[in-house]
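Here the structure comes first, spelled out in structure tokens, and everything after it is commentary.
Just so you know, ligand 1 is whichever comes first in the structure, and atom 1 is the first atom listed for that ligand. Heads up: numbering here begins at 1 and tracks the sequence.
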Amino acid sequence: MIKVTCAIIIKHDLILAVQRSGKMKMPFKWEFPGGKVEEQEDETLCIQREIKEELNVEIRILDRLSPATHDYGTFTIQLIPFIATIISGELLLQEHQAHRWLTKDELWDLDWAEADVPVVQEFLTRNT
Ligand SMILES: Nc1nc2c([nH]c(=O)n2[C@@H]2O[C@H](COP(=O)(O)OP(=O)(O)OP(=O)(O)O)[C@@H](O)[C@H]2O)c(=O)[nH]1
């Protein structure tokens with residue numbers, strides 16, 4: 001099983017979502033930025049590293065949601081979600097093709113990677 005961290009980044013009341021590019025696995029799906037946990041790596045350090053690499057910003061972690069396990073058929077991931085806020089840097093997409101800042105009501109408008117569906121659900125349950 002692949003452990004993947006992701007960050008639900010909040011700015012005021014908006015939530016950041018990023019879209020995978022046509023060249024990536026699961027092309028054009030929306031997800032929360034993040035990536036694979038390296039061997040022996042602390043999960044919080046992983047998400048901070050991945051966000052710096054993917055978005056060029058530093059984050060502060062505010063909270064953590066329940067890990068969500070999803071079987072994609074050819075691989076299984078455990079998605080480990082954090083709630084975070086940007087503390088410095090200018091947002092520059094390094095890998096994704098698009099980003100959106102969404103209100104809670106708009107979250108279901110996107111075509112999410114399947115593993116993210118329970119994460120979005122838990123986030124909304126906690127915040128409504
Ligand atoms: N970062 C991130 N990855 C997610 C989310 N949901 C989800 O299913 N994933 C999957 O988890 C894996 C994360 O890997 P990654 O971002 O480090 O690497 P990648 O697949 O782009 O690169 P790779 O092709 O080298 O494996 C991908 O298969 C990605 O599709 C999510 O919300 N955030």
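- Checking side-chain atoms of Q78 against main-chain N and O of K3 turns up no donor-acceptor pair under 3.5 Å.
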Identify every side-chain donor-acceptor pair in residues 82-89 under 3.5 Å, counting partners at least two apart or on other chains, and give the distances.
unit_1, atom_1, unit_2, atom_2, d
S88, OG, E58, OE1, 2.4

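- Formation of a donor-acceptor pair under 3.5 Å by the D116 side chain with backbone atoms of E31 is not found in this model.
- Between D63 and R126 there is a salt bridge, with a side-chain nitrogen of the basic residue lying less than 4.0 Å from a carboxylate oxygen of the acidic one.
- Ordered by chain and residue number, the residues placing a heavy atom less than 4.0 Å from ligand 1 are V4, C6, R20, M24, K25, M26, E31, F32, G34, G35, K36, Y72, F75, I77, L79, A113, A115, D116.
- A donor-acceptor pair under 3.5 Å links the side-chain atoms of W112 to the main chain of L107, judged by distance alone.
- Judged by the 6.0 Å distance and 45° axis criteria, K25 is not positioned over the aromatic ring of Y72.
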